[in-house]
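Below is one structure, written out as C-alpha cells, with a few remarks after it.
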Amino acid sequence: MRTPSGGHRVLVDDVAAGEVVAPQDAVELVVSHLNQLAVAHTAGRLLLHAGVVERAGRAVVIVGPSGRGKSTLTAALVLAGFAYLTDEVAAIDPSSGWIDAFPKPLSLSTATRDLLGLDRGPGAGHETPGTKHPVAPATLGTTSRGGRLDLLVLLEDPDPTAPALAGGAPPEGSPALTGFLALLEQTFAETMAVPDALEHL
C-alpha cells in the first residue's frame, strides 16, 4: 500500500508490518516475515541460522551471524555443484539428522554477486553499497528436498583479537566449548522447546 509520504506500507492480515521507502525493501520485509512464520511453525526441529547445501544426500550446514559470509559460501557451493536447501533456517530432525528444505531466494549483496560473477540484473550500478537483493536458487544451480547432516561449518570472525561472542571476550576453555557457545548464538529460541535440545546440539 502506497503511503502519502511516497513510501510503501506492508500489511500482514490487514495489520501494518512496517513501512519502507523502496519497493525492494518491501519485498525484503515480506521475506523476513515469512521466515519468522516458518520458524514459529516448525515444531520438533533444531533451528539454526544457517545456509545448507547437499550432495548425494549428505548435507553441509554453514552457521554464522549475518555479514560473516554464510550466504556467499552457500551460493558458491551451489555454483560448484551442490544442491541448495536454504540460506536462512536449517531445520534439523534431532533423531535422524534430516534437514528439511527451505529454498527461499538467497539474499546476496552487490559485492557478493560481483565476486561470484552473477548478473546484477536491471538497475545495476544504481544500488546502495551493502544492499542485498533476492537471487533465485535456480539461477545458481539445483535445489534439494533435503539431506542428512554430514558436516557443520561454524564461520568465525577473521580477526583473532575480536570477541568470539557478542557479549564480550572469548570464553575460557576448549575450542569445542567456544564453538558450542557460538552455535547457541545462532540457534532460534524455538529450538529449546525440543526435548533434550542442548544435548542434541
Side-chain angles (χ1 to χ4, degrees), residues 31-108 112 116 134-158 164-167 170-171 173-201:
V31 169
S32 174
H33 185 74
L34 290 173
N35 290 339
Q36 292 170 9
L37 287 173
V39 167
H41 292 88
T42 307
R45 298 287 193 266
L46 306 175
L47 302 170
L48 304 176
H49 182 227
V52 185
V53 295
E54 171 267 324
R55 182 181 281 170
R58 300 167 66 182
V60 178
V61 177
I62 304 155
V63 180
S66 296
R68 194 62 51 88
K70 169 181 59 63
S71 296
T72 301
L73 181 54
T74 300
L77 288 169
V78 175
L79 286 168
F82 284 79
Y84 175 75
L85 272 76
T86 187
D87 84 329
E88 186 67 33
V89 181
I92 307 168
D93 183 295
S95 58
S96 68
W98 182 261
I99 303 171
D100 298 319
F102 181 45
K104 66 171 263 314
L106 290 89
S107 184
L108 301 178
T112 294
L116 298 175
V135 175
T139 64
L140 303 174
T142 60
T143 58
S144 171
R145 292 180 178 230
R148 198 161 317 284
L149 175 62
D150 190 59
L151 177 67
L152 188 139
V153 177
L154 182 60
L155 300 177
E156 294 182 338
D157 194 307
L165 301 174
S174 71
L177 174 61
T178 302
F180 176 69
L181 293 175
L183 180 65
L184 279 179
E185 284 198 338
Q186 300 308 311
T187 301
F188 289 91
E190 289 79 359
T191 295
M192 296 310 152
V194 175
D196 302 319
L198 291 177
E199 287 79 4
H200 288 298
L201 287 170

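Since the structure is predicted, the reported quantities are computational estimates derived from the model, not experimental observations.
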How about Leu77 and Ile62: do any of their side-chain heavy atoms sit closer than 4.5 Å?
->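 Touching, per the 4.5 Å side-chain cut-off.
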Of all heavy-atom pairs between [X] and [Y], which one has the smallest distance, and what is that distance?
X: Ala59; Y: Val52; answer: CB-CG1, 4.0 Å
X: Leu154; Y: Ala182; answer: CD2-CB, 3.8 Å
X: Pro137; Y: Pro103; answer: CG-O, 4.0 Å
X: Ala75; Y: Leu106; answer: CB-CD2, 3.8 Å
X: Val63; Y: Ala50; answer: CG2-CB, 3.9 Å

Tell me which donor-acceptor pairs under 3.5 Å the side chains of residues 192-201 have, and how far apart each pair is, sequence neighbours excluded?
none

Would you give the length of the straight line joining atom CZ of Phe102 to atom CG of Asp87, rounded to the nearest 0.5 angstrom?
->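 That separation rounds to 9.0 Å.
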Would you give the length of the straight line joining atom NE2 of His49 to atom CG of Leu183, rounded to the nearest 0.5 angstrom?
->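 Answer for the NE2-CG pair, His49 versus Leu183, is 12.5 Å.
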Thr191: side-chain hydrogen bond (donor to acceptor under 3.5 Å, both in side chains) partners, not counting sequence neighbours |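 None.
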Could you tell me which residues satisfy side-chain hydrogen bond (donor to acceptor under 3.5 Å, both in side chains) with Ser66, sequence neighbours excluded, listed by chain and number?
->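 With sequence neighbours excluded, Ser66 shows a side-chain hydrogen bond (donor to acceptor under 3.5 Å, both in side chains) to no residue whatsoever.
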Any donor-acceptor N/O pair, Tyr84 side chain to Ala101 backbone, under 3.5 Å |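 No, because the side chain of Tyr84 does not come within donor-acceptor range (under 3.5 Å) of the backbone of Ala101.
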Going by the side chain to side chain donor-acceptor pair (under 3.5 Å) test, which pairs reach into residues 134-152, not counting sequence neighbours?
->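 Listed once each, the pairs are Glu54-Ser144, Arg58-Asp150.
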Residues that [X] engages under side-chain contact (heavy atoms from CB on, under 4.5 Å), provided they are two or more places apart:
X: Leu149; answer: Val61, Ile99
X: Asp100; answer: Arg45, Ala91, Trp98
X: Leu79; answer: Leu116, Leu118, Leu140

Is it the case that Thr112 and Thr72 place a side-chain donor and acceptor less than 3.5 Å from each other?
->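 The answer is yes; a qualifying pair exists.
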